[in-house]
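Quick notes on the structure that follows.
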Amino acid sequence: MKINEIILPAEYNEEAVNENISALQTELEQKYNLKSLFLADMGKRNAIELHSIIVNKEEQGAGTGSKVMQEIIAYADANGKIVVLDPGLLDKQHGTTSQSRLRKFYKRFGFIDNKGRNKNYEFRNLMIRYPQSNESVNEATEMKISDLTI
């Protein structure tokens, strides 16, 4: 087996996955009255690429972007998907103030910089977030508790 070869479950259906991502995108655009949302399924890499979330100007600063991110992350976690993205550059027309502010925003949702020791060469994107489950959260909590006991 090659290093970059990915083994997929027999029931993997690329068309169904694409439809699910497209349905999620449409649902979130309508639910939050977004100017634009663009998600892409990265096929057999078991990942979703977030290209953009553009909140209408009159709704910026009201937590809409955070709610959309929470739903994307919940979907990714429930489906065991990695989420990758490239924080946008300054664009006042779309409400982007700076890339560093966007990086801070995405880090609140568990994204890390895809570089250095954290570099996943399967993705060219600048930031990456691995799926998290309740089990991994529980294990981390148990480890912290056991570290505190004497």
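Just so you know, these numbers use all the heavy atoms, side chains as well, and skip hydrogens, waters and symmetry mates.
One finds the CG atom of N125 at 10.0 Å from the CZ atom of F111 (value rounded to the nearest 0.5 Å). With rounding to the nearest 0.5 angstrom, the CG atom of D77 is 12.0 Å from the CD atom of Q70. Interatomic distance, L37 CG to Y32 OH, rounded to the nearest 0.5 Å: 11.5 Å. The line from CG of D86 to CG of N114 is 9.5 Å long, rounded to the nearest 0.5 Å. Here the straight-line distance linking atom CZ of F105 with atom CD1 of I53 works out to 6.0 Å at 0.5 Å rounding. The line from CD1 of I21 to CE of M42 is 11.5 Å long, rounded to the nearest 0.5 Å.
S66 and R108 get closest at one heavy-atom pair: OG-NH2, 2.9 Å. Here the closest heavy-atom approach between residue A47 and residue D41 is recorded as O-OD1, 3.6 Å. The shortest heavy-atom contact between L85 and L50 is CB-O, 3.5 Å. Nearest heavy-atom pair across P87 and M127 is CG-SD, 3.6 Å.
Between the side chain of N56 and the main chain of N33, a donor-acceptor pair closer than 3.5 Å is present.
Residue pairs that meet the salt bridge (Lys or Arg N to Asp or Glu O under 4.0 Å) test with at least one member in residues 58-74, sequence neighbours left out, are K31-E71. For residues 33-68, the set of pairs meeting the ring-ring contact (aromatic ring centres under 6.0 Å, His included) definition, not counting sequence neighbours, comprises F38-H51.
Under the 4.5 Å side-chain criterion, counting only non-hydrogen atoms from C-beta, R103 is in contact with D113. Y75 is not listed as a side-chain neighbour of E27, based on a closest heavy-atom distance of 4.5 Å or more. Looking at heavy atoms from C-beta onward, V83 lies out of side-chain contact with I128 at the 4.5 angstrom threshold.
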After noting the C-alpha distance and the side-chain angles of V84 and I48, does the key distance pass the side-chain contact (heavy atoms from CB on, under 4.5 Å) rule?
-> CA-CA 6 Å; V84 295; I48 300 168; over 6 Å; no

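Remark: Y130 pairs with no residue by the ring pair (Phe, Tyr, Trp, His ring centres under 6.0 Å) rule, at least two apart or across chains.
Open room surrounds NZ on K104; 12 or fewer heavy atoms of other groups in view lie less than 6.0 Å from it.
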